[in-house]
**Q** 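Sharing a structure below in C-alpha cells format, with a few things to ask.
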Amino acid sequence: MTSLIGKVALVTGGSRGIGQAVALELARRGADVVVNYLLKAEAALQVVAEAEACGRRALAVQSDVGESEQAVALVQATLSTFGRLDILVNNAGITRDALLVRMQEQDWDEVVRVNLKGAFNMTQAAVRAMLRQRSGRIINISSVSGLMGQVGQSNYAASKAGLIGFTKSLARELGGRGITVNVVAPGFIPTDMTLALDEVWREKLRAFIPLERFGSVEDVAHAVAFLASDEAAYITGAVLPVDGGLGM
Ligand code: NAP
C-alpha cells in the first residue's frame, strides 16, 4: 500500500458517504486530514476520532464550499493547524433532481454553486500553498452522470461535466509546477445521496452494470488514494471511472 506519511489532506464533505471513506483511507495510509462538513458536526467529529485512532492528526472544519470566503477560511485553518496542504479532494456535492420542465431556477443555481463553484473556490484557495510547495494533488469527484447524462439530473450532470473541463484546464495550467489534477467519476454508490432512489429503479440500473453490483464508498476511496500517491505522479488531467463499467 502506498504511504502518505507526512502529507496533509483536505477532504470537502468529509463527514459522510464517499468523503468520509476518502478521509479515513487517506488517514490509514498516513496523511493528516482536515474533514470539512456543512451541517453534520457530530459525524465530522466521529471521522476525526477515527483518523486519530489511526495515529493521525485530524481536524473538523465547518464551511460552505460554495462561498469563497468560507473556502479561504477552510484552507487557512488547514495551513495554520498543519503548516502545509498536499492533497485537496473536492468531494462535497448535492443533488436537486427534477425534469427540466419542472426544474426551479434555484435547483439549478444551488447544484452548480456547491458542486462546481465549490471546487473553483476551494482549488483557488488551496493552489497558492501548493504552488509554494511546488507539489500537490487535486482530485475532483465528478460522476458517471457527468459523462453519460441522466434523466432528471440536467443540473447535476452539467455541474459534474463542468468539473471535468475545469480539471483538464488546471492540469495544463499547473503541470509545470508539480501539481496534478484528476477526476474520479463514481457510478452508483449507496450513500445518503442515493437513499431516495426506489428499489425498482435500482434493480433496473444494476442490470446495466457489467460488474453486476453497486460500488462501495471504499471502492471510490481506493481510487482517490491512488491518485493522491507518489505512484500516480505521471497522471494528470485523467478521468478515472469507478463505476463497475456502467459508463463505458
Ligand atoms: P452525501 O452522502 O450526501 O454526503 C455529502 C457530503 O457533502 C456531506 O459530507 C455534506 O456535509 C457535504 N456538503 C454538502 N453541501 C456542502 C457544502 N455546501 N459545503 C461543504 N460540504 C457540503 O454524498 P455522497 O454520495 O457521499 O457524494 C459525495 C460526492 O460524490 C458528491 O460530489 C457526489 O456528487 C459524488 N457522487 C456520488 C455518487 C453516489 O452514487 N453516491 C455517484 C457519483 C458521484 P454534511 O454532512 O455536513 O451535510
Side-chain angles (χ1 to χ4, degrees), residues 10-25 33-48 60-75 77-78 88-97 109-123 125 139-150 153 155-164 166-167 183-197 201-202 205-206 209 213-221 223-224 239-244 246-247:
L10 194 173
V11 182
T12 68
S15 47
R16 287 187 284 134
I18 290 170
Q20 174 186 40
V22 167
L24 291 176
E25 184 61 27
V33 288
V34 176
V35 179
N36 157 249
Y37 65 98
L38 181 64
L39 299 170
K40 303 257 166 46
E42 219 169 281
L45 288 171
Q46 180 62 35
V47 179
V48 164
V61 182
Q62 195 276 336
S63 149
D64 182 341
V65 297
E67 299 300 316
S68 57
E69 324 78 65
Q70 296 189 38
V72 168
L74 172 55
V75 169
T78 304
L88 170 65
V89 184
N90 285 313
N91 165 80
I94 59 168
T95 53
R96 296 280 185 277
D97 293 358
D109 287 346
E110 186 60 3
V111 165
V112 171
R113 186 187 75 86
V114 176
N115 296 5
L116 188 53
K117 190 172 179 221
F120 162 75
N121 287 339
M122 288 304 305
T123 305
I139 298 148
N140 296 320
I141 307 299
S142 177
S143 167
V144 69
S145 295
L147 296 166
M148 298 175 73
Q150 185 56 256
Q153 290 201 315
N155 52 357
Y156 180 79
S159 72
K160 294 299 185 179
L163 273 180
I164 294 173
F166 176 67
T167 299
V183 161
V184 169
F188 187 91
I189 315 290
T191 65
D192 292 345
M193 180 176 274
T194 50
L195 266 183
L197 300 172
W201 196 90
R202 278 170 192 253
L205 179 66
R206 202 198 305 260
I209 302 173
R213 68 169 176 89
F214 297 138
S216 67
V217 292
E218 289 79 17
D219 287 326
V220 181
V224 173
V239 178
L240 177 55
V242 182
D243 64 0
L246 176 65

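Below, all heavy atoms of this structure are taken into account, side chains as well, without hydrogens, waters or symmetry copies. One-based numbering, in listed order, for ligands and for the atoms of each.
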**Q** Which heavy atom of the protein is the closest neighbour of atom 12 (C) of ligand 1, given with residue, atom name and distance?
**A**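 Looking only at protein heavy atoms, the one closest to atom 12 (C) of ligand 1 is Gly13 CA, 3.5 Å.
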
**Q** Looking only at N/O atoms, are Gly66 and ligand 1 under 3.5 Å apart anywhere?
**A**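 By distance alone, the answer is no.
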
**Q** A side-chain contact here means heavy atoms from C-beta on lying under 4.5 Å apart; do Glu110 and Val114 qualify?
**A**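 The answer is yes; the side chains approach within 4.5 Å.
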
**Q** Should the proximity of Ser63 to ligand 1, defined as any heavy atom under 4.0 Å, be assigned to the side chain, the backbone, both, or neither?
**A**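 It is the backbone that gets close, since no side chain atom is under 4.0 Å.
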
**Q** Relative to ligand 1, is Ser142 under 4.0 angstrom through side chain, backbone, both or neither, heavy atoms considered?
**A**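 The part of Ser142 near ligand 1 is the backbone, not the side chain.
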
**Q** So if I count the atoms of ligand 1 from 1 in the order they appear, which ones are less than 4.0 Å from some heavy atom of Gly187?
**A**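 Heavy-atom distances to Gly187 below 4.0 Å select 38 (C), 40 (O), 42 (C), 43 (C).
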
**Q** Using a strict 4.0 Å cut-off to heavy atoms of Gly93, name the atoms of ligand 1 that fall inside it.
**A**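 Answer, ordered by atom number: 5 (C), 7 (O), 31 (C), 32 (O).
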
**Q** Between Asn36 and ligand 1, find which residue part has any heavy-atom pair under 4.0 Å and reply side chain, backbone, both or neither.
**A**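 Near ligand 1, Asn36 shows its side chain, while the N, CA, C and O stay back.
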
**Q** Phe214: heavy atom below 4.0 Å from ligand 1, yes or no?
**A**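 It does not; every heavy atom stays at 4.0 Å or beyond.
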
**Q** Students should be able to answer this: which protein heavy-atom is nearest to atom 19 (N) of ligand 1, and at what distance?
**A**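 Minimum-distance protein heavy atom for atom 19 (N) of ligand 1 reads Val65 N, 3.1 Å.
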
**Q** Quick one: does ligand 1 sit under 4.0 Å from the side chain of Asp64, the backbone, both or neither, non-hydrogen atoms only?
**A**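 For Asp64, backbone and side-chain atoms both sit under 4.0 Å from ligand 1.
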
**Q** Heavy-atom distance under 4.5 Å between the side chains of Val35 and Val11, does that happen here?
**A**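 Side chain of Val35 against side chain of Val11, heavy atoms only: no contact under 4.5 Å found.
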
**Q** Report yes if the side chains of Asp64 and Arg113 come closer than 4.5 Å at any heavy-atom pair, otherwise no.
**A**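 SC-SC contact between Asp64 and Arg113 confirmed.
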
**Q** Among Ile189, Asn121, Ile18, which residue places a heavy atom closest to atom 37 (C) of ligand 1?
**A**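 Nearest heavy atom to atom 37 (C) of ligand 1 lies in Ile18.
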
**Q** With a distance cut-off below 6.0 Å to the six-membered ring centre and an angular limit of 45° from the axis, does Arg206 pair with Phe214 as a cation-pi contact?
**A**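 Verdict for Phe214: a cation-pi partner in Arg206.
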
**Q** Give the single entry among Asn91, Ile141, Leu195 that approaches atom 32 (O) of ligand 1 most closely by any heavy atom.
**A**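 Answer by nearest heavy atom: Asn91.
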
**Q** Counting only heavy atoms closer than 4.0 Å, does ligand 1 sit against the backbone of Lys160, its side chain, both, or neither?
**A**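 Near ligand 1, Lys160 shows its side chain, while the N, CA, C and O stay back.
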
**Q** Can you find a pair of side-chain heavy atoms, one from Val111 and one from Thr95, that are under 4.5 Å apart?
**A**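 No, too far: nothing below the 4.5 Å cut-off.
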
**Q** Any idea which atoms of ligand 1 are less than 4.0 Å away from a heavy-atom of Phe188?
**A**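 In order of numbering, the contacting atoms are 40 (O).
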
**Q** Please write down residue, atom name and distance for the protein heavy atom closest to atom 34 (O) of ligand 1.
**A**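 Here the closest protein heavy atom is Tyr156 OH, 2.5 Å.
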
**Q** Can you sort out which atoms of ligand 1 are near Thr194, meaning under 4.0 Å from one of its heavy atoms?
**A**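 The atoms of ligand 1 under 4.0 Å from a heavy atom of Thr194 are 39 (C), 40 (O), 41 (N).
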
**Q** Would you say ligand 1 has an N or O under 3.5 Å from any N or O of Ser15?
**A**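 Yes - when backbone and side-chain N and O of Ser15 are compared with those of ligand 1, one distance drops under 3.5 Å.
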
**Q** Side chains of Val47 and Tyr37, heavy atoms from C-beta outward: is any pair under 4.5 Å?
**A**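 Counting from C-beta outward, Val47 and Tyr37 never come under 4.5 Å.
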
**Q** Within a distance under 4.0 Å of any heavy atom of Ile94, pick out the atoms of ligand 1 and give their elements.
**A**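 Numbered from 1, ligand 1 contributes 14 (C), 15 (N).
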
**Q** List ligand 1 atoms under 4.0 Å from Ala92, heavy atoms only on the residue side.
**A**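 In order of numbering, the contacting atoms are 7 (O), 20 (C), 21 (N), 22 (C), 32 (O).
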
**Q** Is it the side chain, the backbone, both or neither of Val114 that has a heavy atom closer than 4.0 Å to ligand 1?
**A**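 Just the side chain.
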
**Q** Mind checking whether Arg16 has an N or O less than 3.5 Å away from an N or O of ligand 1?
**A**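 Between Arg16 and ligand 1, an N or O pair is found under 3.5 Å apart.
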
**Q** Using a strict 4.0 Å threshold on nitrogen-to-oxygen distance, state whether Asp219 and Arg213 make a salt bridge.
**A**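 A salt bridge is present here (some side-chain N lies under 4.0 Å from a carboxylate O).
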
**Q** Is there a side-chain contact between Asn115 and Lys160 in this structure, where contact means two heavy atoms from C-beta onward sitting under 4.5 Å apart?
**A**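 Side chain of Asn115 against side chain of Lys160, heavy atoms only: contact under 4.5 Å found.
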
**Q** Write down the atom of Val65, the atom of Ala92, and the distance for their closest heavy-atom approach.
**A**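 Scanning both residues, the minimum pair turns out to be CG2-CB, 4.1 Å.
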
**Q** Minimum heavy-atom separation for Asn121 to Ala71, with atom names?
**A**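 Residues Asn121 and Ala71, closest heavy atoms: CB-CB, 3.6 Å.
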
**Q** So do Ile18 and Ile189 actually touch side chain to side chain, heavy atoms under 4.5 Å?
**A**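 When only atoms from C-beta onward are counted, Ile18 and Ile189 do touch, with a gap below 4.5 Å.
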
**Q** Less than 4.5 Å apart, any side-chain heavy atom of Pro186 and any of Ile141?
**A**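 In contact.
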
**Q** Do you know which two heavy atoms are closest between Gln150 and Ser145, and how far apart they sit?
**A**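 That closest heavy-atom pairing would be CB-OG, 3.8 Å.
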
**Q** Show the atoms of ligand 1 that are less than 4.0 angstrom away from any heavy atom in Lys40.
**A**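 Near Lys40, the atoms of ligand 1 are 45 (P), 46 (O), 47 (O), 48 (O).
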
**Q** Heavy-atom contacts under 4.0 Å between Thr191 and ligand 1: side chain, backbone, both, or neither?
**A**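 Looking at Thr191 and ligand 1, just side chain atoms fall under 4.0 Å.
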
**Q** At what distance, to the nearest 0.5 angstrom, does CG of Leu10 lie from OG1 of Thr78?
**A**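 If I round to the nearest 0.5 Å, the distance is 4.0 Å.
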
**Q** Using distance alone, determine whether Leu39 and ligand 1 share an N or O pair under 3.5 Å.
**A**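 Yes, there is a polar N/O contact under 3.5 Å.
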
